[in-house]
Each structure stands twice: as structure tokens, then as C-alpha cells.
Amino acid sequence: MAQRENAIVGVGTPPAHRDRGTVVVSGLASDAHTWNLVYLQLVIEELGYHVINLGPCVPDDVLVAECRRIDPALIVIGSVNGHGCTDGLRAVTRLRACPELAATPMVIGGKLTVSDENVGRHARALMAAGFDAVFPDQAADAAGFTAFVASLPPAARPELTAGRPR
């Protein structure tokens, strides 16, 4: 019986170490949704990353300042309210303008517009503006996102990067 209890306790437990680096997960300034960000955090942690979740309604200035301070291996932005394209274009432009973040992988996903029309056009605009990948909510599952995150090279070893995980 004790053996079975130990097996159950371990189910769904994130990896004991997070040596792949730090990922910033964030909502956009106009989006107050949180469960999508929690879900993203859990998925990314299962892939071996340390996650800093900035939460919903993050102003562009705060997003930029926190990403500059943290120096993440990846920036993940989630949208549920349908303003992901508008807010995402503005945010990625601000993030890419920072020399220290210019090469940082950045992705956005969720409901990009209030209409399901022209989703491909909006995704292309987001890519052209600086996102490395776009995952619209029309995707059937999270496999593409998971594959993208899993394909990233591990960050430099945390103990070698100025005392903080990257």
C-alpha cells in the first residue's frame, strides 16, 4: 500500500531541477484572464524551465522592464480577450527595441482578434513584427507550442550567468 501511495504522490510532479533556463509568461495590458497563464506556466515547467508568471493586465512598460531585469530564455504571451494582435504588435515592438532582448525567442498565442476572420493574416503580421511563433486559439491542441518550447536549446548553466537563472 505504501508503495502505491508514493507512486500517486509523484504523479504530475514537475521535474526536481529546472536547468533549461527561465521563461517569462505574461498577459497583455488589456487582458485580465489568468487561467491561460497558469496553464502555460504548468506546461513550460513540465518541460524543465523555471517560470516567472507576470500575470494579467501587464502594462507594456512593466513587461519590458521585467524582461530586461530577468533576461529570460523565452517570453510567452497569452491572450484570451481577442486583442492579442493589437496589444501583441505593440508589445513585441517595444521588446525587440531593447538590444538585450533582440535575440530572445518570443511567442504569442490565444485569441488574437475578436473575429475568427483573417487569423492567418494577423499571425503573419505578428511574425513580421518580431514574434518567433504564433499559436492562434484555432489550433486543435498545444502540441505545436510544446514542440516549439522543447526545441529551444538549454540556456547557459544558471551558476554561470551572473548569479541568476536565464
Side-chain angles (χ1 to χ4, degrees), residues 11-58 60 62-64 66-67 70-96 101-156 158 165-166:
V11 172
T13 302
H17 62 290
R18 307 234 188 279
D19 60 359
R20 291 191 54 100
T22 297
V23 174
V24 168
V25 170
S26 181
L28 293 160
S30 70
D31 200 323
H33 294 88
T34 58
W35 284 111
N36 60 317
L37 305 176
V38 171
Y39 175 78
L40 288 167
Q41 179 176 344
L42 294 172
V43 168
I44 296 165
E45 286 174 343
E46 287 289 329
L47 294 170
Y49 288 90
H50 170 72
V51 176
I52 297 176
N53 189 334
L54 300 180
C57 296
V58 179
D60 295 348
V62 172
L63 176 62
V64 170
E66 286 301 297
C67 288
I70 296 164
D71 189 25
L74 172 66
I75 300 169
V76 177
I77 297 176
S79 174
V80 175
N81 71 351
H83 299 287
C85 188
T86 303
D87 290 353
L89 288 170
R90 189 182 62 245
V92 76
T93 299
R94 300 271 317 272
L95 290 162
R96 290 290 183 213
L101 299 173
T104 303
M106 298 178 199
V107 301
I108 188 169
K111 188 144 179 75
L112 303 177
T113 64
V114 295
S115 167
D116 288 338
E117 295 178 21
N118 300 313
V119 172
R121 181 172 56 87
H122 294 295
R124 287 188 297 279
L126 288 161
M127 295 280 291
F131 281 105
D132 295 287
V134 177
F135 302 96
D137 69 345
Q138 289 79 6
D141 58 45
F145 172 74
T146 303
F148 179 87
V149 176
S151 74
L152 294 173
R166 176 165 161 54

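In this chain, residues are counted from 1 in sequence order. Note that the coordinates shown come from a computational prediction; the quantities given were computed from them, not determined experimentally.
Contact detail for A29 and R90: the closest heavy-atom pair is CB-NH2, 4.0 Å. In plain terms, the two heavy atoms of P105 and A73 that are nearest each other are CD-O, 3.2 Å. In terms of heavy-atom proximity, G82 sits nearest to S79 at N-OG, 4.0 Å. For the pair D60 and A91, the tightest heavy-atom approach, listed with the atom from each and the gap, is OD1-CB, 4.1 Å. Smallest separation of non-hydrogen atoms from G84 and N81: N-OD1, 4.4 Å.
Looking only at distances, a side-chain donor or acceptor of D31 sits under 3.5 Å from a matching main-chain atom of V80. In this structure, the side chain of T22 does not engage the main chain of P72 through any donor-acceptor pair within 3.5 Å. Within the 3.5 Å criterion, the main-chain N or O of H83 finds no donor-acceptor partner in the side chain of T86.
For the pairing with V51, the side chain to side chain contact (heavy atoms under 4.5 Å, CB included) check across V25, V24, L37 returns one residue only, V25.
Atom CG of L101 and atom CD1 of I75 lie 5.0 Å apart (nearest 0.5 Å). Distance check: R20 CZ to L74 CG gives 10.0 Å after rounding to the nearest 0.5 Å. Interatomic distance, L40 CG to F135 CZ, rounded to the nearest 0.5 Å: 10.5 Å. Here the straight-line distance linking atom CG of L89 with atom CG of L28 works out to 10.0 Å at 0.5 Å rounding. How far CD1 of I108 is from CG of D87: 8.0 Å, rounded to the nearest 0.5 Å. Here K111 contributes atom NZ and D137 contributes atom CG; the two are 5.5 Å apart, rounded to the nearest 0.5 Å.
Counting only heavy atoms from C-beta outward, the side chains of V134 and V107 never approach each other to under 4.5 Å. Looking at Y49 and D19, their side chains never come closer than 4.5 Å, going by heavy atoms from C-beta outward. In this structure the side chain of I44 reaches within 4.5 angstrom of the side chain of F145, judged on heavy atoms. Side chains of H33 and N36 form a contact here, defined as non-hydrogen atoms less than 4.5 Å apart.
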Under 3.5 Å, which donor-acceptor pairs do the side chains of residues 118-133 form with other protein atoms, sequence neighbours left out?
residue, atom, partner, partner atom, Å
R124, NH1, G120, O, 3.3
D132, OD2, R96, NH2, 2.8
D132, OD2, M106, N, 2.7

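Not counting sequence neighbours, the partners of V58 by the side-chain contact (heavy atoms from CB on, under 4.5 Å) test are S26, L54, V62, L63.
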